[in-house]
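Single-structure report; data block below.
One-based numbering, in listed order, for ligands and for the atoms of each. In this chain, residues are counted from 1 in sequence order.
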Amino acid sequence: MTPPRLLGPAEIRTLAAELDVRPTKTLGQNFVHDGNTVRRIVTTSGVGAQDVVLEVGPGLGSLTLGLLGTAGRVVAVEIDPKLAQRLPQTVSEFAPDALDQFDVVTGDALTVRPADLPAAPTALVANLPYNVAVPVLLHLMSQFPTLQTALVMVQAEVADRLAATPGGRIYGVPSVKARYYGDVTRAGSIGKHVFWPEPKIESGLVRIERTDRFGLDADHRRRTFAAVDAAFAQRRKTMRAALGGWAGTSARAEELLRAADIDPSIRGERLAVDDFVRLAEVAAAAEAAE
Ligand code: SAM
């Protein structure tokens, strides 16, 4: 197969002019016009011929073309119909040999379901729209259990938050929830100059290796995430105080925390996902026994 040609600044300019694209902040439209960055993301993702890649927000196709040179198949979900409609033509022009390995679905990644896609994806690789990056990532990890890995580009600060470990100021809801699905690591930094238009902030890569250590039960996940949300909604408070509403009363929260072997006087930012899972399981068992 002839390797795909990638989109440089001239190609991005031509495509944008043809489509009369005016990138919007609301849709997080910053397009990559640097082949080296695309190659780096594809290499870091580790995807190969056996993978069906889900790409969220293909835009003008910068990353899509890079992925088509390596992955077995790429299924892209793009919310902007004008961009989605142009993609098959871009693929046929820049990666003609890979046209039958490519599908695009016009839709919202925040609500997309397995039945909306022509194949079950094994890997998520995306330069995510910044304002919805975390909800999109968590939605996809929950709805697509076939995704074994994720490599996403997000704002550097969000990347730090996702990969944070317990104890720090940036550790919070996204850090715990991402770890519910697997191992989370920072996988590099990306400067502003590789985008058109240039964003104000740096970007970062985050990788998730799915382990499903806690299983795939949606009710277990919902209960765990409810405890996490409650703990961080008032992050300056102790767990005993923060979880009063979640448990019914602070006294009840203290009882459940002790039963889960968690010190009621510490703050949520010191707890790992395993602690939240134990707490939710203790609470579910207590509820079932009542
Ligand atoms: N992948 C392209 C690249 O690297 O040049 C574009 C990335 S740009 C940061 C984000 C893309 O996501 C845009 O094409 C935007 O239209 C699309 N998008 C925004 N919100 C979306 C959503 N909820 N679902 C699917 N695509 C979305």
Side-chain angles (χ1 to χ4, degrees), residues 4-16 19-45 47 53-69 71 74-87 90-91 94-95 102-113 116-117 121 123-141 143-144 150-156 158-159 188 190-206:
R5 280 192 297 134
L6 300 180
L7 305 180
E11 290 80 11
I12 292 281
R13 229 180 0 254
T14 307
L15 275 170
L19 293 172
D20 194 21
V21 171
R22 286 145 214 250
T24 77
K25 274 206 178 129
T26 333
L27 291 180
Q29 291 176 328
N30 301 93
F31 305 108
V32 174
H33 58 56
D34 176 56
N36 286 334
T37 301
V38 167
R39 277 186 282 271
R40 199 175 128 209
I41 296 173
V42 174
T43 306
T44 310
S45 76
V47 298
V53 173
L54 169 58
E55 186 195 359
V56 166
L60 294 169
S62 310
L63 182 54
T64 319
L65 293 170
L67 287 166
L68 281 168
V74 176
V75 177
V77 177
E78 170 59 59
I79 202 168
D80 186 330
K82 194 155 71 169
L83 297 179
Q85 276 155 23
R86 178 60 164 81
L87 275 163
T90 303
V91 171
F94 288 80
F102 173 69
D103 294 278
V104 59
V105 171
T106 307
D108 186 345
L110 280 168
T111 53
V112 68
R113 301 277 165 154
D116 301 326
L117 304 188
L124 168 69
V125 185
N127 171 12
L128 288 176
Y130 286 174
N131 40 358
V132 288
V134 170
V136 164
L137 178 63
L138 295 176
H139 169 76
L140 297 175
M141 291 307 286
Q143 295 303 311
F144 291 85
L151 193 271
V152 292
M153 172 146 75
V154 295
Q155 286 180 31
V158 175
I190 310 260
K192 308 170 193 172
H193 54 281
V194 303
F195 298 97
W196 174 77
E198 273 198 24
K200 289 205 175 67
I201 35 202
E202 305 286 315
S203 302
L205 298 174
V206 176

When the ring planes of Phe31 and Trp196 are compared, do they come out parallel, tilted or perpendicular, using 30° and 60° as the limits?
parallel
In terms of atom number and element, which parts of ligand 1 are under 4.0 angstrom from non-hydrogen atoms of Val77?
25 (C), 26 (N)
Atoms of ligand 1 close to Glu78 [distance to a heavy atom under 4.0 angstrom, numbered from 1]
13 (C), 14 (O), 15 (C), 16 (O), 17 (C), 26 (N)
For Leu128 and Val136 the tightest heavy-atom approach is CD2-CG1, 3.9 Å
Looking at ligand 1, is there an atom of it that comes within less than 4.0 Å of some heavy atom belonging to Glu55?
yes
Numbered atoms of ligand 1 (with element) below 4.0 Å of Gly107, judged on heavy atoms:
24 (N), 25 (C)
Find all atoms of ligand 1 within a distance of less than 4.0 Å from any non-hydrogen atom belonging to Gln29, and give their numbers and elements.
13 (C), 15 (C), 16 (O)
Ala109 heavy atoms, cut-off 4.0 Å: which ligand 1 atoms fall inside?
22 (C), 23 (N), 24 (N), 25 (C)
State whether the number of non-hydrogen atoms from other residues, nucleotides or ligands found under 6.0 Å of Lys25 atom NZ is greater than 12.
no
One residue to check: Leu60. Relative to ligand 1, which of side chain, backbone, both or neither has a non-hydrogen atom less than 4.0 Å away?
neither
Out of all atoms in ligand 1, which are within 4.0 Å of some heavy atom of Gly28? Include the element for each.
8 (S), 9 (C), 10 (C)
Phe195 and its side-chain contact (heavy atoms from CB on, under 4.5 Å) partner, picked from Ile190, Ile12, Thr37:
Ile190
Considering only heavy atoms of Asp108, which atoms of ligand 1 have at least one such atom less than 4.0 Å away?
22 (C), 23 (N), 24 (N)
Under 4.0 Å from a heavy atom of Ser62: which atoms of ligand 1 are those, numbered in the order shown and with their elements?
5 (O)
Classify the contact between Ala126 and ligand 1 as side chain, backbone, both or neither, using a heavy-atom distance cut-off of under 4.0 Å.
neither
Report the C-alpha distance between Val32 and Met153 in whole Å, list the side-chain angles of each, state the deciding distance to 0.1 Å, and finish with yes or no for side-chain contact (heavy atoms from CB on, under 4.5 Å).
CA-CA 11 Å; Val32 174; Met153 172 146 75; 4.0 Å; yes
Testing Val74, Val125, Leu7 for side-chain contact (heavy atoms from CB on, under 4.5 Å) with Leu63, which one passes?
Val125
